[in-house]
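So that the names make sense, note that chain A is the first sequence line, chain B the second, and so on, each numbered from 1. Predicted, not measured: the structure shown is a model, and the values here were computed from it.
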Number of protein chains: 2
Amino acid sequence: MKTKDLRVVKTKKAIYQALTHILKNKSLTDINVSELCRQAGVNRGTFYFHYEEVGDVFKEFFEEVILDLQESYKEPYKYISALQLKSSVYKNLDPKTVRIFHHVKKYEDFYHIILSDNVSTTYYYMFFDAIRSNFIEDSKIGEYDESKKFVYSFMTNAIIGLIIEWHRSNFKESVDDMNIHLVQTLSAIARN
Amino acid sequence: MKTKDLRVVKTKKAIYQALTHILKNKSLTDINVSELCRQAGVNRGTFYFHYEEVGDVFKEFFEEVILDLQESYKEPYKYISALQLKSSVYKNLDPKTVRIFHHVKKYEDFYHIILSDNVSTTYYYMFFDAIRSNFIEDSKIGEYDESKKFVYSFMTNAIIGLIIEWHRSNFKESVDDMNIHLVQTLSAIARN
DNA sequence: ACTGTTATTGTACAACTGTATAATAACATA
DNA sequence: TATGTTATTATACAGTTGTACAATAACAGT
């Protein structure tokens, strides 16, 4: 048993598509359950059988995106740009960090919503915790070092700070530009 | 003319008090307009005359808090702890940054809400922009340096990263502890 | 094809939302 | 104290919310 029920698959797909459709014209915060169900052709009671609020649907979406972020960390360095391999500017840059920018650019539309104003902080912290766990994964040789938890949160949110700035410029900078900004920022801090 | 209308003052005060009262037992997200007005003894229509949602009341609150943050930046260094003046660990730490931790500790209850899960990102960005503008203020000799905007956002959000970690430990660390964590984090980064 | 399970629907309900209107009361100013 | 202004109230309305229920249809496994 435990095969996925086709009814559920169909319902959720309808809701997904309805949400992405409405999101083209409206911000996430302004979409209500009734409208979403009307668009999806799904009974409102059915919605509440699976979710509690509209944001939960988006959250389910974003969980997939976060999964992709984790995946990209485990893969070999295929995402690293040619630019990086050539330039000596990058010699001190951890290639794993570089992938975050690739990932964000890939899911640009998502991160525009997540980093926008007047949205639940839930998504922000999903992103935060994902990056943070990668930082921990990278640096730990043996066990988790409790004393470094502030260092992890500092670095994690610092990277997101760059991405917030990126978001505010409508992601107009290229991934390579962001790499350069990261290197320059780090060296600027090291100078002080 | 343009004296403040006593009716408005009275109404807003009633709503303020009602909100702070309800916040003791409920999270901001769970408070609705009707409940707030019932508690405040204010007509619901009056509420909508001044605000659009419950969060706007909290936002008006938080604007005062942010004002205090800006104030503290302009004051002399009276907030700096005795610990800092003695220890040589702090020799490289900008005393202005130290005040942020003082400020957050002072308004601990506020920042517990603002940094909690499932709250609007609006307050986060209010905090972000306040700190960021202070960073810019500090570093600019002449005019605003557009090329450094990523450095500003990096450092700003990095500091907030520490505060997020602080928040997650229920602010159990002292302000001096946080100063130490900041110094240690910065030196850890400089080492790489 | 049969059967037990359960997701889905339609319906109903009280409470909340956002907006609008007219009447009233509280206000600032001269 | 009188006057013009406007914040507040009471009321009303259509739409949304969250929950509950019974009936039905769609499903998975044998």
Report the distance from atom NZ of K10(A) to atom C1' of dA26(D), rounded to the nearest whole Å.
9 Å
Quick one: E52(A) CD to dT19(D) C1', roughly how many Å, whole number?
12 Å
Just compare dC27(D), dA28(C), dT17(D) and give me whichever is closest to any side-chain atom of L6(A).
dC27(D)
Atom pair distance, as rounded to whole Å: OH in Y51(B) and C1' in dA7(D):
14 Å
Ranking G45(B) and R44(A) by the position along DNA chain D of their nearest nucleotide, the one closer to 5' is G45(B)
Check this one for me: any side-chain N or O of S34(B) less than 4.0 Å away from OP1 or OP2 of dT17(C)?
yes
Give N32(B) one of three labels, base, sugar-phosphate or nothing, depending on what nucleic acid heavy atoms sit under 4.0 Å from its own.
sugar-phosphate
For dA7(C), does OP1 or OP2 lie under 4.0 Å from any side-chain N or O of T11(A)?
no
Does the plane of the ring in F150(B) sit parallel, tilted or perpendicular to the ring in H181(A)? Use 30° and 60° as the thresholds.
parallel
Using the ring pair (Phe, Tyr, Trp, His ring centres under 6.0 Å) definition, which of the options F62(A), Y123(A), F101(A) pairs with Y111(A)?
F62(A)
Rounded to the nearest Å, what distance is computed from the CG atom of residue D56(B) to the P atom of nucleotide dG18(C)?
10 Å
CZ of F49(B) versus P of dA20(C): gap in Å, rounded?
13 Å
So, the side chain of T121(B) versus the backbone of Y124(B): is there a donor-acceptor pair under 3.5 Å, distance only?
no
Nucleotide dA7(D), atom P - distance to CG of D5(B) in whole Å:
6 Å
Could you tell me how far apart K13(A) (NZ) and dT8(C) (P) are, to the nearest whole angstrom?
15 Å
What is the distance, to the nearest angstrom, from the NZ atom on K4(A) to the P atom on dT5(C)?
24 Å
Taking 4.0 angstrom as the limit, do E137(A) and R132(A) come out as a salt bridge?
no
5'-most contact on DNA chain C: R7(B) or V54(B), nearest heavy atom basis?
V54(B)
Less than 4.0 angstrom between a side-chain N/O of T46(A) and OP1 or OP2 of dA7(C), yes or no?
no
Side chains of E60(A) and Y51(A): is there a donor and an acceptor less than 3.5 Å apart?
yes
With the side chain of N43(B) defined as its heavy atoms from C-beta on, choose the nearest nucleotide among dT8(D), dT9(D), dT8(C).
dT9(D)
